[in-house]
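Each ligand, and each atom within it, is numbered from 1 in the order the structure gives. In this chain, residues are counted from 1 in sequence order.
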Amino acid sequence: MRTLAGDIQSVVVLTGAGISAESGVPTFRGEDGLWRQYRAEELATPAAFHRDPRLVWEWYDWRRGLIAECMPNAAHHALARMEERVPDFALVTQNVDGLHHLAGSRNIIELHGNIWRMRCMRGCRPKWEDRTVPLPERPPHCPSCGALTRPDVVWFGEALPTEALEAAWRASERCHLMLIVGTSAAVHPAASLPLVARQAGATIVEINPRPTPISHLVDEILREPAAVALPHWWARVVSGG
Ligand code: BJW
Ligand code: ZN
């Protein structure tokens, strides 16, 4: 493998739904990715919410219920340990499940928001955390003004939070090593970050049981589940093997 001791001075990890699969969180595009007969692309949109907020909230309420029962797995924990050893470390996640926080990671950049945060559609108050499952009403309404409430996540066609995207972009430009874990790399701009790192000369490692559109540009591929591969890979890197 090309990973050198110097590479682990500056590391970006890009995670997707696959890292939480072994914790029991369904992925979006795998066999378990369908909810009722819907695909993520049909529900995670402003148009879907506008058309049928109750349906969209039923999906989120179902997912919140599932996630509430899930614990971080060995891959989440390995990343928290990695952060302690790497001087310049950023964990860029597309996941909204909060499992990286639970595992103890600190420098987390959430590109697609967080399923436990709510926001008023009128924007009358700052965003707030609400961990109630199941929700007493679907769709829920703003406790201050009574308008519709939405989950503070990023739907298709919506801009990613500027600060998060800029931080992820900068970290990708300067990292020596990018580790890509459990993402289909189908959704942009997150899927462009490996390209940014590659063009800046970083070593790229992919951990995913299946090939993805970015597999051709990586230096090392581990075709194994993250909870197996990630702790082994990290142990190998720190032991210099
Ligand atoms: C395992 C495993 C195990 C299984 N271990 N691995 C450029 C080109 C083409 C299109 C676009 C483009 N730029 C923008 C677009 C449009 C669009 C887009 O990308 N469309 C594509 C689908 C074609 N992007 C957007 O609309 C984005 N917004 C945007 O660009 O705005 C521009 C703008 C600017 C200014 C003003 C206005 C607009 C927004 C994208 C938002 C994505 N949102 C979602 C929902 C979030 C909320 C929620 O959770 O409900 O994010 S969709 C969904 O996909 C979710 C995920 O974060 C995201 C990525 O999915 P992920 O994590 O990769 O999961 P899966 O299921 O796809 O893959 C799992 C992987 O794990 C698989 O590979 C498995 O093999 C693997 N796996 N078990 C390791 N045990
Ligand atoms: Zn309000």
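The side chain of A21, and not its backbone, has at least one atom closer than 4.0 Å to an atom of ligand 1 (non-hydrogen atoms only; side chain from C-beta on). By the criterion of a heavy-atom distance under 4.0 Å, the side chain of E22, and not its backbone, is placed next to ligand 1.
Here the heavy atom of the protein found nearest to atom 72 (C) of ligand 1 is N208 ND2, 3.8 Å. In this structure, atom 19 (O) of ligand 1 lies nearest to the protein heavy atom H188 N, 2.7 Å. Protein heavy atom at the shortest distance from atom 47 (C) of ligand 1 is V153 CB, 3.5 Å.
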Only pairs under 3.5 Å count here: list side-chain donor-acceptor contacts from residues 177-193, not counting sequence neighbours, and write none if there are none.
{"from": "T183", "atom 1": "OG1", "to": "Q94", "atom 2": "NE2", "distance (Å)": "3.0"}
{"from": "T183", "atom 1": "OG1", "to": "A185", "atom 2": "N", "distance (Å)": "3.1"}
{"from": "H188", "atom 1": "ND1", "to": "S192", "atom 2": "OG", "distance (Å)": "3.0"}

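Closest to atom 33 (C) of ligand 1 by heavy atom, among A159, S192, S184, G16, is A159. Distances from atom 22 (C) of ligand 1 to the heavy atoms of S23, A186, P189 show the closest one on A186. Taking only non-hydrogen atoms, the option from A227, A226, P209 nearest to atom 6 (N) of ligand 1 is P209. The option from V154, T15, L111, V96 that lies nearest to atom 45 (C) of ligand 1, judged by heavy atoms, is V154.
With salt bridges taken as basic N to acidic carboxylate O contacts below 4.0 Å, one links R29 and E41. A salt bridge is defined here as a Lys NZ or Arg NE, NH1 or NH2 lying under 4.0 Å from an Asp or Glu carboxylate O, and R198 with D219 meets this definition.
At least one heavy atom of L160 sits less than 4.0 Å from an atom of ligand 1. At least one heavy atom of R63 sits closer than 4.0 Å to an atom of ligand 1. Not a single heavy atom of G33 sits under 4.0 Å from any atom of ligand 1.
For the pair W169/I109, no side-chain contact is recorded, criterion being any heavy-atom separation below 4.5 Å from C-beta on. Residues P151 and W57 are in side-chain contact: their nearest non-hydrogen atoms beyond the backbone lie under 4.5 Å apart.
Listed by chain and residue number, the protein N/O/S atoms under 2.8 Å of the Zn ion (ligand 2) are C120 SG, C124 SG, C142 SG, C145 SG, with waters left out.
By the definition of a contact as any protein heavy atom under 4.0 Å away, atom 79 (C) of ligand 1 is in contact.
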